[in-house]
2 protein chains.
Amino acid sequence: MTYASALEALAPSTRRAVFERLRKGPLPASRLAEGLSVSRPAVSQHLQVLKRARLVREEARGRQRIYSIDPTGLEALRAYLDTFWDVALDRFKQTLETSRPKRSKSKRSKP
Amino acid sequence: MTYASALEALAPSTRRAVFERLRKGPLPASRLAEGLSVSRPAVSQHLQVLKRARLVREEARGRQRIYSIDPTGLEALRAYLDTFWDVALDRFKQTLETSRPKRSKSKRSKP
DNA sequence: GCAACCTGTAAGCCTTGACTTACGGAATGT
DNA sequence: ACATTCCGTAAGTCAAGGCTTACAGGTTGC
């Protein structure tokens, strides 16, 4: 059920901006707030939500806490999307067959 | 930028319930509203949001409209998640070799 | 111990959006 | 034509949550 909190966490644009900023690598909270148009406490609150959703991890480093991307939440999201993916492809293929008869035999492999 | 609307569309739980109901296959709007605890117009509004996010498609079938999963939004979400995936694994691997504090600034290039 | 720094938390405001009821509109059946 | 069915849209209500300012907790250095 981690995918639910992960989806809710990535929905707001500014919180997503905080998360996307971690693509460049781990950063302390103050540095994360620099480029954004919101206050530093707002970024802290967003980081708590992201942490609860297992999307970021915090590491105490002296008097500053460094945040980095946590693969756990991403993996939960990917697994959730996969549950729709094969169904969507199946229905899509079925739609193609109804419009015009065509043959295709592509099978999707799971990692 | 379709991933943004897709994430915002899948954040609310009841709208996600509507979307998950389509895993069983295409359904008209009235059937989608049956199992849920919200009114039928609410489901209609959710379907419009999902349609705008390219997560569902509607097909007029007489006086009823049948909804099915659209792979377009799912593909946009998967591509968005992939942009974090390699970074997360990179940092995770770096954390594992925490035997000595390395301060290497790695630059990633994008095609 | 004291001060400066980096940060999370509290309380409150205020906008966003999810939901309901009521209505309009197109397709099918008699 | 008329009624019925199936559905989207409008208007309005109300709670959820994003944001700010102010405050509290630790850590480093003098």
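Every chain is numbered from 1, with letters handed out A, B, ... down the list of sequences.
When A:V38, A:V56, A:L55, A:L50 are each tested for a side-chain contact (heavy atoms from CB on, under 4.5 Å) with A:V18, only one passes: A:L50.
The base of D:dT28 lies outside donor-acceptor range of the side chain of A:Q64, with no N or O pair under 3.5 Å. In terms of polar N and O atoms assigned as donor or acceptor, the side chain of A:Q45 comes within less than 3.5 Å of the base of D:dT20 in a complementary pairing.
Note that CG of A:L77 and CG of A:D82 are 11.0 Å apart. Values are rounded to the nearest 0.5 Å. With rounding to the nearest 0.5 Å, the separation of CG in B:L10 from CZ in B:F19 is 5.5 Å.
Counting non-hydrogen atoms under 4.0 angstrom, B:S39 reaches a base of the nucleic acid. Residue B:R15 is classed as a sugar-phosphate contact, given heavy-atom separations below 4.0 Å to backbone atoms only.
Phosphate proximity of D:dT5 to B:S30: absent, as no side-chain N or O sits under 4.0 Å from OP1 or OP2. OP1 and OP2 of C:dA18 both lie 4.0 Å or more from every side-chain N or O belonging to B:T14.
For CZ of A:R16, the number of neighbouring non-hydrogen atoms (other residues, nucleotides, ligands) closer than 6.0 Å is greater than 12.
In this structure, B:H46 atom NE2 and D:dC7 atom C1' are separated by 16 Å, rounded to whole Å. Rounded to whole Å, the distance from CD on A:E34 to P on C:dC6 is 10 Å. The distance between atom CG of A:L10 and atom P of D:dG18, rounded to the nearest whole Å, is 12 Å. Spacing between atom CZ of A:R40 and atom P of D:dA24 amounts to 15 Å, rounded to whole angstrom units. B:I66 places its CD1 atom 16 Å from the P atom of C:dA27, with the value rounded to the nearest Å. For A:L36 and D:dG18, the CG to P distance is 15 Å, given to the nearest whole Å. One interatomic measurement links the two molecules: CG of A:L50 to P of D:dG18, which rounds to 11 Å at whole-angstrom precision. In this structure, B:L27 places its CG atom 15 Å from C1' of D:dC7, rounding to the nearest Å.
Annotation: of the two residues near DNA chain C, B:R63 and A:R65, the 5′-most nearest-nucleotide partner is A:R65. With the nearest nucleotide of DNA chain D identified for both A:A42 and A:G62, A:A42 has the one nearer the 5' end. Nearest-nucleotide mapping onto DNA chain D: of A:V49 and B:R31, the residue sitting toward the 5' end is B:R31.
When only modelled atom types and interatomic distance are considered, A:R52 and A:S5 share no side-chain donor-acceptor pair under 3.5 Å.
Considering only the side chain of B:P28, D:dC7 comes nearest among C:dA22, D:dC7, D:dG26.
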